[in-house]
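Worksheet: one structure, shown below.
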Amino acid sequence: MIKKILSPLMISAIALLSITTVSSASDNKAKVSKSKKSTKEFQYNLVPKKVSDNVWCFFGALEAPTKENAGNMSNSCYIKADSSYILWDTGPSYVYAKQAYAAMSKIAKLPVSTVILSHEHDDHWLGNNYYKEVHNAKLIGPESINKNYKVGQTDTRMFQTLSENAIRGTKIIHVDEWHKEGIKFKVDGVELEYVAVGNGHSAEDFFMYMPKNKLIFAGDLVMNGRITSNRDGSVLGQLKALEMINSKEWNTLIPGHGFIINKTAANESVQYFTLTKDRILEAMKNGIDSTGIVEAVPLLEFKDKAMYKLLNSINVSRAYDELSF
Ligand SMILES: [Zn+2]
């Protein structure tokens, strides 16, 4: 009945969205329901990398989320505590989280007691329901997740982008606990500082400091090797957050996206936002308005970084709106 009222073009579009194993939409309307469930679970081939004492991370590609990478383009980490694991971000899907845990359980087969989240963008926390359902982990994260997402919602960026065999099992659930002002706490024997920075890269960002290891988990307040996404961000908020990060004594920093984790890990972000701010203010002084700002501030120092073409002009125009207010 529904098909009768849809145009052939719409049916093709729906079929294209639903099918992952067949490329032509014309001959497969009947196969939709069959092929949806018959594909094998997506294999992320996750390999944990030890970054510090008792800390391992999974590093994602410097890319936008696609069917091919199945959202494996953000970083998430495991901290081995006294008798459990503590997680920093849970990745883009249930399947990712399940496979990350399988890889970590070869190092030590411990339950996951606690999940701590950097921010509300869904490439960083859609693994939550795996850790809740299988480990009954406590979920600590920004309140913005509970405000801006509905339990059971299925139209976020990852749901729209990933193949069925990667997003299957994923459910949006709310966090159990949030800390508007941040918190210093001891979780299963590990001292942690969860630092609130407000609107930096997203509506509500946090970074986490592990003083014993002189380690920062920066979330998306730091990216390296690629251009950041400032679509929900604030240049001034980012710069403030980077100052807060650099006021801590750290030797290792895990970016939200990117592979550099040594003392230089945050430099690109500091440079990018400083130049963005200075050059936009300079252009404004010279009378350039919103119609000319993207051309006037190309930030050519960053032109060889991944995702420059996709994101730089959007970032500059968003930053102009903020700074010209
Ligand atoms: Zn983000």
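Counting convention: from 1, in listed order, for ligands and their atoms alike. Hydrogens, waters and symmetry mates play no part in the numbers below; they use all other heavy atoms, side chains included.
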Quiz item: Applying side chain to side chain donor-acceptor pair (under 3.5 Å), which residue pairs with at least one partner in residues 279-300 are found, sequence neighbours left out?
Solution: R279-E301, D289-T291
Practice problem: Would you please classify the geometry between the Y131 ring and the H135 ring as parallel, tilted or perpendicular, with 30° and 60° separating the classes? | Solution: tilted
Quiz item: Near the Zn ion (ligand 1), meaning under 2.8 Å, how many protein N/O/S atoms are there?
Solution: 4
Quiz prompt | Polar contact flag, side-chain donor to acceptor under 3.5 angstrom, T90-N128 | solution = yes
Exercise. Run through F273, Y272, Y308 and flag the one making a ring-ring contact (aromatic ring centres under 6.0 Å, His included) with F302.
Key: Y272
Self-check item: Pairs flagged by ring pair (Phe, Tyr, Trp, His ring centres under 6.0 Å) wherever residues 158-197 is involved - sequence neighbours left out
Solution: Y194-F206
Show me, pair by pair, the donor-acceptor contacts under 3.5 angstrom made by side chains of residues 136-145, not counting sequence neighbours?
| unit_1 | atom_1 | unit_2 | atom_2 | d |
| --- | --- | --- | --- | --- |
| K138 | NZ | E177 | OE1 | 3.0 |
| E143 | OE1 | K180 | NZ | 3.1 |

